[in-house]
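To start, the structure itself, in C-alpha cells.
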Amino acid sequence: MRLASPAVAAILGRIVFVVTHALAPVAACLAIDIAGILRRGGRVLPPWSLPVVGLFGALPDLCTPHLSLEARYASWSHTVWFLLGLVPVAVAVAACLGRRATAPLAAAFWLAAALHLATDAVCGGIAPLQPWRADVIAARWVPFRWWLAGDALFLGLTALGLWLRPRAEARAIDRRRG
C-alpha cells in the first residue's frame, strides 16, 4: 500500500525525517544526562547544549538539502569527508560555548552528525566517499512508511527525557540531603 505519490513522499520524507535526525541525538543526550544525574548527582552536558546537539544532528541536511536519494548520494555533507571536517568545527563550537567539558560537548556534537549519516545509510543509503568513489552504502531497513512513526518515537523520547531530567535532579538532591 502506497501512502503518497513518489514526489509527495520525497518532499514529506525530507521534511519529516529531519525531526529524527535532530531529536535522536537529543534523546540520547538526555538519557546520558539522566544516567549521570542518578549515578553522580550531576548533569553530564549543560542544558543549553541540547539545541546545539539537535542542530548538529540536522546539519548534513541543512548544508545540502535534497529531495531524492540520488541527490543524497551526490551530497558532500553525507560523506566521511564532511565528518572529518566537522571535528574541528565541533571542538571550536564546544570550546566557544562550553568553557568546560569541551571534549564531551564536541563528542556529542560530532556524534549527532555521525548518527544522521548512520540513519540515512539504513534508510536508503549514502555514498560516503564521494566524489572519489560513487559506491553507495545502502540498506532499506527502515522503509518510508515508518519514518513518521520514527519521528513520533524520538519526539516522545525527547519529551520523556525533558520530563524525567528535573525529577532525577530532585531525586539526587533528596539523596544528598540524607
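Along the sequence shown, the residues carry numbers beginning at 1. Atom set for the values below is all heavy atoms of this structure, side chains included, hydrogens, waters and symmetry mates excluded.
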Out of curiosity, does Leu157 fall in the hydrophobic cluster containing Trp163 (side-chain heavy atoms, cut-off under 4.5 Å, transitive links)? no

What is the minimum heavy-atom distance between Ala24 and Leu115, and which atoms define it? CB-CD2, 3.8 Å

Between CG on residue Asp33 and OG on residue Ser49, distance to nearest 0.5 Å: 7.0 Å

As an exercise, state the distance from CZ of Arg165 to SG of Cys29, rounded to the nearest 0.5 Å. 10.0 Å

Nearest heavy-atom approach of Val44 to Gly36 is CG2-CA, 4.0 Å

Set out, in order, the CA-CA distance, both residues' side-chain angles and the distance that settles side chain to side chain contact (heavy atoms under 4.5 Å, CB included) for Leu59 and Leu86, then state yes or no. CA-CA 10 Å; Leu59 195 58; Leu86 199 58; 3.7 Å; yes

Please check if Trp48 and Ile37 belong to a single hydrophobic cluster, counting links between Ile, Leu, Val, Met, Phe, Trp and Tyr side chain heavy atoms closer than 4.5 Å. no

Phe109 and Phe56 aromatic ring geometry - parallel, tilted or perpendicular at 30°/60° bounds: parallel

Parallel, tilted or perpendicular, as decided by the 30° and 60° cut-offs, for the rings of His66 and His78: perpendicular

Please report the closest heavy-atom contact between Leu105 and Pro46, naming both atoms and the distance. CD2-CD, 3.7 Å

Using a 3.5 Å distance criterion without hydrogens, assess whether the side chain of Gln130 forms a donor-acceptor pair with backbone atoms of Tyr73. yes

What heavy-atom pair brings Pro60 and Leu117 nearest, and what distance separates the two atoms? CG-CD1, 3.7 Å

Under a single-linkage definition using a 4.5 Å side-chain heavy-atom cutoff for Ile, Leu, Val, Met, Phe, Trp and Tyr, are Leu50 and Ile34 assigned to the same hydrophobic cluster? no

For His21 and Asp120: C-alpha separation, side-chain torsions, deciding distance, then whether side chain to side chain contact (heavy atoms under 4.5 Å, CB included) applies. CA-CA 9 Å; His21 290 319; Asp120 275 355; 3.1 Å; yes

Could you tell me whether the side chain of Asp151 and the main chain of Thr20 form a donor-acceptor pair under 3.5 Å? yes

For the CZ atom on Arg171, are there more than 12 heavy atoms of other groups (residues, nucleotides or ligands in this structure) within a distance under 6.0 Å? no

Might you work through the side chain to side chain contact (heavy atoms under 4.5 Å, CB included) test for Val52 and Leu97, ending with a clear yes or no? CA-CA 10 Å; Val52 181; Leu97 297 176; 4.3 Å; yes

Test side chain to side chain contact (heavy atoms under 4.5 Å, CB included) on Ile32 and Leu45 and set out the steps. CA-CA 9 Å; Ile32 291 167; Leu45 299 170; 5.7 Å; no

Would you say Phe154 and Val19 make side-chain contact, with heavy atoms under 4.5 Å? no

The remaining residues in the hydrophobic cluster of Leu55, counting side-chain heavy-atom contacts under 4.5 Å among Ile, Leu, Val, Met, Phe, Trp and Tyr, are Leu62

Looking at every non-hydrogen atom in both residues, tell me the closest pair between Ala172 and Gly41 and how far apart they are. CB-CA, 4.0 Å

Any side-chain heavy-atom pair of Trp76 and Trp81 under 4.5 Å: no

Could you tell me which non-hydrogen atom of Leu38 sits nearest to which non-hydrogen atom of Ala168, and how far apart they are? CD2-CB, 3.9 Å

Please say yes or no: joined through hydrophobic side-chain contacts below 4.5 Å, possibly via intermediate residues, are Val87 and Leu83 part of one cluster? yes

Kindly compute the distance separating CZ (Arg43) from CG (Leu30), expressed to the nearest 0.5 Å. 9.0 Å

Which of Ile126, Asp61, Thr64 passes side-chain contact (heavy atoms from CB on, under 4.5 Å) with Arg72? It is Ile126

Could you state whether Leu84 and Leu129 fall into the same hydrophobic cluster, counting links through intermediate Ile, Leu, Val, Met, Phe, Trp or Tyr residues with side-chain heavy atoms under 4.5 angstrom apart? yes

